[in-house]
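Notes follow once the structure below has been shown.
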Amino acid sequence: MITSEMKHFIEHLPKVELHLHLEGSLEPELMLQLAERNRITIAYDGIEAIKAAYNFDSLQSFLDLYYQGSNTLQTEQDFFDLTWAYLLRSQAENVRHVEVFFDPQSHTDRGIPFGVVIAGIRAALLQGEQQLGISFRLIMCFLRHLSEQAALETLALAEEHLGWIDGVGLDSSELGNPPDKFVNVFARARELGLLTVAHAGEEGPAEYIADSINLLKVSRIDHGVRITDDAKLLDELVESRMPLTVCPLSNVKLCVFDSMSSHNILQLLEKGLCVTVNSDDPAYFGGYMNANYEALVSHLHASKAQLKQLALNSIEASWMLQAEKQLLIDEVRSLS
Ligand code: ADE
Ligand code: ZN
């Protein structure tokens with residue numbers, strides 16, 4: 001249950017999104033439009049059929065569908081439309097700054113040039129900054145079920161677009177694909193001046209969180225909810241303020257937690273971790289930023305003070321300039 005006052009509070013909270021896969025914001029309506037526009041046959045004959053497939057029992061069961069959806073993206077216009085639709089939704093939810101992921105290998109492996117993908121995304125992000133007032137950073141993810149060599153080749157393709165890329169990340173199937181597989185490509189990315197993040201401790205063990213920090217030198221951990229399995233590491237992350245980009249609706253949809261009422265985000269917050277709220281793949285998981293915040297009120301009884309702290313953590317954990325952060329911090333603090 002959530003009161004209309006709390007809904008209103010969440011709607012007016014200035015929000016920052018740090019864990020969003022652009023391909024995961026592909027709504028069924030746009031997926032069908034793109035399939036038609038690009039003359040691609042997909043396995044579903046309508047919106048309801050696509051939505052009926054959104055019944056996942058693990059990360060892998062989701063990824064299988066997610067990569068099929070990504071196949072409908074072909075032209076620069078498609079990547080523009082995808083990104084623009086996400087930004088419009090973000091503006092409607094009072095999201096002020098976004099740091100978004102894209103998976104170039106899902107596209108280059110199908111013969112779509114890297115330059116086509118990034119040009120469409122970049123044009124929409126720039127238009128979003130100008131017309132919607134949403135600032136942004138862009139993070140290129142490596143697919144961890146593929147080899148490090150493939151990641152290195154992708155990084156080489158990215159080199160001519162480095163001015164448009166702020167960081168690299170690591171996503172896809174976590175179990176069996178540990179951070180140490182990607183030490184060299186992350187070192188090269190850092191040499192090129194890129195920041196680093198990695199999904200860790202979503203389905204995989206807390207050890208992958210430690211290895212991402214120590215071996216990949218990440219400045220944030222994506223998910224990280226399995227941190228509770230290692231009390232000593234948890235204390236270290238409290239001390240270092242290492243951010244965790246937690247995705248509540250995603251975690252329940254992918255059965256990381258049995259239900260929202262058993263999610264650990266508020267426990268982590270109360271222990272002093274820099275946890276943040278994010279939507280991950282909102283088209284597939286049933287909601288964008290406000291729905292994720294609302295779920296914490298409805299199922300975990302989050303207070304206004306906790307919601308404000310979560311929003312402040314996202315500002316702190318972002319890659320915005322300090323002066324930009326301060327404006328948002330002041331705005332969050334002034335809310336009652
Ligand atoms: N790619 C898209 N969403 C993901 C998630 N939640 N975990 C790992 N890889 C992903
Ligand atoms: Zn993710």
Side-chain angles (χ1 to χ4, degrees), residues 16-27 31 53-73 82-83 86 98-107 109 117 121 137-146 150-151 154 167-179 181-182 196-205 208-209 211-212 216 218-227 243-257 263 265 275-289 291-292 295 314 317:
V16 165
E17 170 124 88
L18 303 175
H19 184 157
L20 179 285
H21 303 263
L22 284 171
E23 293 89 344
S25 71
L26 179 59
E27 291 286 341
M31 196 191 293
Y54 291 0
N55 240 326
F56 312 115
D57 59 12
S58 63
L59 173 58
Q60 194 58 52
S61 65
F62 155 68
L63 290 171
D64 293 342
L65 185 69
Y66 165 83
Y67 295 127
Q68 277 188 55
S70 297
N71 289 345
T72 59
L73 294 155
L82 172 76
T83 309
Y86 164 67
V98 298
E99 302 192 355
V100 295
F101 300 131
F102 72 115
D103 287 337
Q105 288 160 295
S106 305
H107 314 300
D109 285 0
V117 177
I121 293 173
R137 298 287 185 274
L138 182 60
I139 303 170
M140 171 178 96
C141 283
F142 301 118
L143 297 179
R144 68 200 302 161
H145 66 274
L146 301 178
T154 304
V168 297
L170 190 61
D171 67 359
S172 190
S173 320
E174 186 182 8
L175 289 171
N177 294 299
K181 184 175 158 186
F182 295 94
T196 64
V197 296
H199 283 54
E202 178 185 18
E203 283 188 343
Y208 285 12
I209 300 175
D211 286 351
S212 299
L216 307 183
V218 296
S219 52
R220 293 196 290 257
I221 291 289
D222 295 314
H223 292 295
V225 291
R226 297 264 322 256
I227 188 66
L244 304 182
T245 64
V246 177
C247 307
L249 288 174
S250 162
N251 291 154
V252 175
K253 265 282 186 185
L254 300 188
C255 305
V256 173
F257 293 94
H263 201 291
I265 184 168
V275 284
T276 66
V277 177
N278 306 275
S279 70
D280 204 6
D281 303 283
Y284 293 90
F285 300 150
Y288 287 75
M289 285 289 273
N292 274 278
S314 301

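Start at 1 and go down the list; that is how both ligands and their atoms are numbered. What you see below is based on every heavy atom in this structure, not just the backbone, and it leaves out hydrogens, waters and symmetry mates.
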Checklist entry - N/O to N/O below 3.5 Å, does that happen between D103 and ligand 1? => result no

Next on the checklist: At less than 4.0 angstrom from any non-hydrogen atom of F62, what atoms of ligand 1 do you find?
Outcome noted: 2 (C), 3 (N)

Item to check | Any side-chain donor near an acceptor of the partner, E23 and H107, under 3.5 Å | outcome: yes

Next on the checklist: In this structure, is the centre-to-centre distance between the rings of F101 and H19 below 6.0 Å?
Outcome noted: yes

Item to check | Proximal heteroatom of D280 relative to the Zn ion (ligand 2) (N/O/S) | outcome: OD1

Checklist entry - Does the N or O separation between D281 and ligand 1 drop below 3.5 Å for any pair? => result yes

Checklist entry - How does H223 reach ligand 1, by side chain, by backbone, by both or by neither, if only non-hydrogen atoms under 4.0 Å count? => result side chain

Checklist entry - Is a side-chain N or O of E99 found less than 3.5 angstrom from the main chain of R137, in a donor-acceptor match? => result no

Checklist entry - Please state which protein non-hydrogen atom is closest to atom 9 (N) of ligand 1 and give its distance, to 0.1 Å? => result S172 N, 2.8 Å

Checklist outcome for this item: Heavy-atom nearest pair, I265 first then P248, reads CD1-CG, 4.3 Å

Checklist entry - Which residue supplies the protein heavy atom nearest to atom 1 (N) of ligand 1, what is that atom called, and how far is it? => result H21 CE1, 3.5 Å

Checklist outcome for this item: For NE2 in H199 and NE2 in H21, the angle at the Zn ion (ligand 2) (nearest 10°) is 100°

Next on the checklist: Testing the 3.5 Å rule here: is there a donor-acceptor pair between the side chains of T245 and D222?
Outcome noted: yes

Item to check | Close-contact set for ligand 1 against D280 heavy atoms, below 4.0 Å | outcome: 3 (N), 5 (C), 6 (N)

Item to check | Between D64 and Q60, a side-chain donor and acceptor under 3.5 Å | outcome: yes

Next on the checklist: Suppose I only count heavy atoms of L63 and a 4.0 Å limit; which atoms of ligand 1 are within that range?
Outcome noted: 1 (N), 10 (C)

Item to check | Ring centroid separation F62 to Y54 under 6.0 Å | outcome: no

Item to check | D103 versus H21, side-chain donor and acceptor atoms under 3.5 Å | outcome: no

Checklist entry - For ligand 1, which atoms have a heavy atom of E202 less than 4.0 angstrom away? => result 5 (C), 6 (N), 7 (N), 8 (C)

Checklist entry - Applying a 4.0 Å heavy-atom criterion (strictly less than), which segment of E174 is in contact with ligand 1: side chain, backbone, both, or neither? => result neither

Checklist entry - Would you say G24 touches ligand 1, if touching means a heavy atom closer than 4.0 Å? => result no

Item to check | Distance-only donor-acceptor check, side chains S106 and Y66, under 3.5 Å | outcome: no

